[in-house]
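Below is one structure, written out as structure tokens; the observations come after it.
Bear in mind the structure is a predicted one, so any value in this text is a computation, not a measurement. Numbering starts at 1 and runs along the sequence shown.
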Amino acid sequence: MCVHNAGRSQMAAAFLTHLSAGRVEVRSAGSAPAETVNPAVIEAMAEARIDLSAEVPKVLTIEAVQASDVVITMGRGDACPVFPGKQYRDWKLDDPAGQGVEAVRSIRDEIEASVRTLPCVKGYKTERSEGEPPSTAMQELGITLPL
């Protein structure tokens, strides 16, 4: 979850979906969604061979939080409802809003590294060769993840 659901949370959701080979139900939302996903984010993720061009920012709902086991906020944990029994994490990340693709690349890479720390994706290849796009390093999908 982030404010506009147009950058950080879109990238995190895409990486988690990709790294978990779709075995994790991922929700991405914002407290004040933008009209569209940030074009620099779409471009940076395309470089990682992940297509966000069809994604649309969504509003955060209480039901989405209630249905989640883990809620990850991106600097806006105060806007997220808190329910007992849920696991909350707040990732402090720069906001890609208004930044060019150069700046977004480093945010993208930091998000990828954070997603890789989640137990549902551990075990995948984590190192990339210099210059290798992130998703190339993610192609080793021969590991069965817990459902």
Side-chain angles (χ1 to χ4, degrees), residues 1-83 85-128 130-141 145:
M1 179 216 146
C2 63
V3 177
H4 301 296
N5 191 229
R8 296 168 292 189
S9 58
Q10 291 283 349
M11 290 189 282
F15 277 125
L16 181 53
T17 298
H18 184 79
L19 285 166
S20 70
R23 293 190 176 126
V24 175
E25 185 177 345
V26 181
R27 295 176 184 86
S28 176
S31 54
E35 293 287 320
T36 61
V37 174
N38 180 332
V41 167
I42 292 172
E43 184 178 344
M45 291 301 285
E47 292 171 359
R49 298 188 185 104
I50 296 176
D51 182 9
L52 291 183
S53 64
E55 294 301 320
V56 178
K58 296 168 246 1
V59 69
L60 176 70
T61 65
I62 290 173
E63 295 79 20
V65 177
Q66 287 176 321
S68 300
D69 296 316
V70 178
V71 179
I72 300 172
T73 57
M74 315 241 167
R76 283 300 302 232
D78 58 325
C80 184
V82 176
F83 295 100
K86 305 296 174 194
Q87 194 179 123
Y88 292 84
R89 298 177 186 196
D90 187 40
W91 292 350
K92 305 290 186 209
L93 299 161
D94 289 336
D95 189 345
Q99 298 194 51
V101 72
E102 283 292 326
V104 173
R105 284 183 188 117
S106 65
I107 298 167
R108 173 201 65 200
D109 293 346
E110 188 176 354
I111 289 170
E112 179 192 1
S114 295
V115 168
R116 287 179 176 283
T117 69
L118 299 172
C120 58
V121 295
K122 287 205 175 192
Y124 283 92
K125 179 181 172 185
T126 57
E127 287 81 31
R128 304 195 301 259
E130 188 170 327
E132 179 183 13
S135 67
T136 301
M138 294 185 267
Q139 295 302 313
E140 293 186 21
L141 298 175
L145 299 173

What's the spacing between [X] [atom1] and [Y] [atom2] if we round to 0.5 Å?
X   : Y    : atom1 : atom2 : answer
F15 : I111 : CZ    : CD1   : 7.5 Å
H18 : I50  : NE2   : CD1   : 5.0 Å
T61 : R27  : OG1   : CZ    : 8.0 Å

Got a sec, which residues hit side-chain hydrogen bond (donor to acceptor under 3.5 Å, both in side chains) with [X], two or more places apart in sequence or on another chain?
X   : answer
D51 : S53
N38 : none
E63 : none
E35 : none

Any residue meeting salt bridge (charged side-chain N to carboxylate O under 4.0 Å, His left out) with K86, in chain and number order, not counting sequence neighbours
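K86 satisfies salt bridge (charged side-chain N to carboxylate O under 4.0 Å, His left out) with no residue once adjacent residues are dropped.
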
Can you name the residues that form a salt bridge (charged side-chain N to carboxylate O under 4.0 Å, His left out) with R89, not counting sequence neighbours?
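Checked R89 against salt bridge (charged side-chain N to carboxylate O under 4.0 Å, His left out); zero matches.
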
Less than 4.5 Å apart, any side-chain heavy atom of [X] and any of [Y]?
X   : Y   : answer
I72 : W91 : yes
D90 : K92 : yes
V37 : V56 : no
E55 : L52 : yes

Check R108 with E112, please: is the shortest side-chain N to carboxylate O separation under 4.0 Å?
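Between R108 and E112 there is no salt bridge, as every charged N stays at least 4.0 Å from the carboxylate O atoms.
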
May I ask you to decide if [Y]'s main-chain N or O and [X]'s side chain share a donor-acceptor pair within less than 3.5 Å?
X    : Y    : result
R8   : L93  : yes
S106 : A103 : yes
H4   : A32  : yes

Please find the pair of heavy atoms, one from [X] and one from [Y], that lie closest to each other, and give the distance.
X    : Y    : answer
S68  : V71  : CB-CG2, 4.1 Å
S28  : S9   : OG-O, 3.3 Å
S31  : L60  : N-CB, 4.4 Å
A44  : V104 : CB-CG1, 3.6 Å
Y88  : V82  : OH-CA, 3.2 Å
G100 : A40  : C-CB, 4.0 Å

Would you say Q66 has more than 12 foreign heavy atoms packed within less than 6.0 Å of its CD?
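Yes, the 6.0 Å shell around CD holds more than 12 heavy atoms from other groups.
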
Report the C-alpha separation of D69 and Q87 in whole Å, then their side-chain angles, then the decisive distance to 0.1 Å, and conclude whether the side-chain contact (heavy atoms from CB on, under 4.5 Å) test is met.
CA-CA 6 Å; D69 296 316; Q87 194 179 123; over 6 Å; no

Would you say the side chains of Q10 and N5 form a donor-acceptor pair under 3.5 Å?
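Yes, a side-chain donor-acceptor pair sits under 3.5 Å.
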
